[in-house]
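Worksheet: one structure, shown below.
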Amino acid sequence: MTVTDTAGVHNAAPLPPLAARARSTGGSPVRDILAVTARPEVINFAGGLPAPELFDAEGIAAAYRDVLAETPARALQYSTTEGEPVLRAALADRTSARGLATGPDDVLVTTGSQQGLSLLATALLEPGDTVLVESPCYLAALQAFAFAGARVVAVPGDEDGIDPGALEELVVRERPKLLYTVPTFQNPTGRTMPAARRAAVAEIAGRCGLWIVEDDPYGELRFEGGRVPWIASCDGARDRTVLLGSFSKVMAPGLRLGWLRAPAGLVRACAVAKQAADLHTPTVNQLAAARYLADRDLDAHVARVAAAYGVRRDAMLTGLADALPAGSRWTRPEGGMFLWARLPEGYDTTALLPEVVRHDVAYVPGAPFHAGTPDRATLRLCFVTQTPDEIAEGLRRLGAGLRGAGA
């Protein structure tokens, strides 16, 4: 309908508003910071970017060449929503070899593990449902759950992750649909939940009736200590745990390849949601990844990457005491990509960031990672993207920026 004013000019009627979820859910603070700090001279500890010089570009390129040379019609054609059978079989074999018996039908290939979160939110959550998360929590998970209209509640915890006693109290009181956790080299803290605590979480989920979403994008990047079994492998959790995985951190994020392992009914529900989202993950990417797994030793490649990341973690740990104000504390991750620091009381890392960026270095303030009351003295640092020398220089700039801001 158009409206005519007194001068006879036709004015278009206003458009209907955006959906409430689009109006109420903000963008990613990490993405916003990366846009502001895209200048090449900035040493960026803010992003969760794997080191590009460590990608096996030759091996990945060879896999694409072979697939396109040998099976071009298949590689360039539509595929099934659940994923290419050869890739699902390879993922099932890798999962089984790590202690969780898995068949191809248990696996759904996703366009990055982030899509897995979106599919689970679609399949499991109604607006107003309660989701429990760690404190602090992976930012994009908070985004996905908020976009689904969920009520997100943080579970108190400590350096070992969520507190099982607090978890049980919240499950009884809040009746949540699911618990979301990154138990191994957590984003943002880098901490790892011990085996006994994982078993306690699994027992609560089984006894109280709760889905567990176990996100494991970093678990293979261990450079110290021993592997801790998945929650999904604990007694009581096998029929109620969704395990999310990704090639982004171990092969390359540009492939946009992830997967979820879940009970059959939930796999079917997520497949229906995926049909509505993108029909299927790109066929050529799936076949190239499967070919890479068949022809190359991914585990050996990951071991080389993890060793390099361990050296970079040590470089960051070495320089933190001089960079941060006296009285600061930080984690010492055994793997993954991140560490978490807390400045003394009274500091606000969001307010300090602009001055720090003027010194050509960046971090992510900790406040957005909190579902509840934010701890404004916290920040996340990624230690894998830069070389040890670049890390040392970045920490020198960070210290100068914090001192310049009065920290």
Side-chain angles (χ1 to χ4, degrees), residues 130-139 141-142 145 152-174 176 178-205 207-208 210 212-219 221-222 224-232 234 236-237 241 313 316-317 320-321 324 327-347 349 363-383:
T130 298
V131 171
L132 300 183
V133 299
E134 299 164 307
S135 182
C137 178
Y138 171 48
L139 264 177
L142 296 177
F145 299 140
V152 182
V153 177
V155 183
D158 55 25
E159 65 275 6
D160 287 333
I162 56 179
D163 178 348
L167 171 64
E168 182 162 2
E169 289 180 12
L170 284 171
V171 170
V172 171
R173 188 173 78 228
E174 304 289 347
L178 65 88
L179 165 69
Y180 172 77
T181 177
V182 185
T184 306
F185 315 138
Q186 194 236 16
N187 181 357
T189 64
R191 69 193 179 195
T192 294
M193 187 185 299
R197 191 166 290 197
R198 297 180 189 217
V201 168
E203 191 276 332
I204 292 166
R207 178 163 44 83
C208 298
L210 179 70
I212 299 173
V213 177
E214 180 178 12
D215 202 352
D216 188 34
Y218 313 105
L221 297 174
R222 176 175 286 280
E224 183 179 301
R227 183 180 179 276
V228 185
W230 286 308
I231 296 173
C234 295
T241 301
R313 182 222 41 190
M316 183 163 279
L317 290 174
L320 273 180
L324 301 183
S328 299
R329 305 191 312 273
W330 50 86
T331 58
R332 187 183 189 280
E334 296 182 339
M337 299 172 59
F338 306 107
L339 62 78
W340 184 248
R342 188 180 192 283
L343 308 189
E345 291 293 338
Y347 287 93
T349 58
Y363 57 78
V364 182
F369 293 94
H370 293 83
T373 303
D375 184 345
R376 297 193 175 279
T378 55
L379 59 93
R380 189 192 75 178
L381 296 167
C382 177
F383 54 77

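The structure presented is a predicted model; accordingly, all values stated were derived computationally and were not measured.
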Are the side chains of [X] and [Y] in touch, meaning some heavy atoms are under 4.5 Å apart?
| X | Y | answer |
| --- | --- | --- |
| Leu142 | Val152 | yes |
| Val213 | Thr181 | no |
| Tyr363 | Arg380 | no |
| Asp158 | Arg197 | yes |
| Leu381 | Trp330 | no |
| Met337 | Leu221 | yes |
| Thr184 | Met193 | no |
| Tyr138 | Tyr180 | yes |

Could you state the interatomic distance from [atom1] ([X]) to [atom2] ([Y]), rounded to the nearest 0.5 Å?
| X | Y | atom1 | atom2 | answer |
| --- | --- | --- | --- | --- |
| Arg329 | Leu320 | CZ | CG | 13.5 Å |
| Leu339 | Thr189 | CG | OG1 | 10.0 Å |
| Leu379 | Leu343 | CG | CG | 5.5 Å |
| Phe145 | Leu132 | CZ | CG | 10.0 Å |
| Tyr347 | Ser328 | OH | OG | 7.0 Å |
| Cys382 | Met316 | SG | CE | 7.5 Å |

Residues Arg207, Glu203: salt bridge by 4.0 Å N-O rule: yes
Salt bridge Arg198-Asp160, side-chain N to carboxylate O under 4.0 Å: no
For [X] against [Y], the heavy-atom pair lying closest together:
| X | Y | result |
| --- | --- | --- |
| Asp215 | Pro183 | O-CD, 3.8 Å |
| Leu170 | Pro176 | O-CD, 4.1 Å |
| Cys137 | Ala141 | SG-CB, 4.4 Å |
| Ala202 | Ile212 | CA-CD1, 4.2 Å |
| Ala367 | Arg376 | CB-NH1, 3.8 Å |
| Val201 | Ile162 | CG2-CD1, 3.9 Å |

Criterion side-chain contact (heavy atoms from CB on, under 4.5 Å) against Arg191, the qualifying member of Glu334, Glu134, Glu159: Glu134
Test side-chain contact (heavy atoms from CB on, under 4.5 Å) applied to Asn187 and Phe369, step by step: CA-CA 9 Å; Asn187 181 357; Phe369 293 94; 4.1 Å; yes
Aromatic plane relationship, His370 with Trp340 - under 30° parallel, 30 to 60° tilted, over 60° perpendicular: tilted
Ring centroid separation Phe338 to Phe185 under 6.0 Å: no
Steps toward side-chain contact (heavy atoms from CB on, under 4.5 Å) verdict (Glu214, Leu179): CA-CA 8 Å; Glu214 180 178 12; Leu179 165 69; over 6 Å; no
Under 3.5 Å donor-acceptor, Thr349 side chain and Thr378 backbone: yes
From CA spacing to verdict: side-chain contact (heavy atoms from CB on, under 4.5 Å), Thr192, Val228: CA-CA 9 Å; Thr192 294; Val228 185; 4.2 Å; yes
Arg227 atom CZ, neighbour heavy-atom count above 12 within 6.0 Å: yes
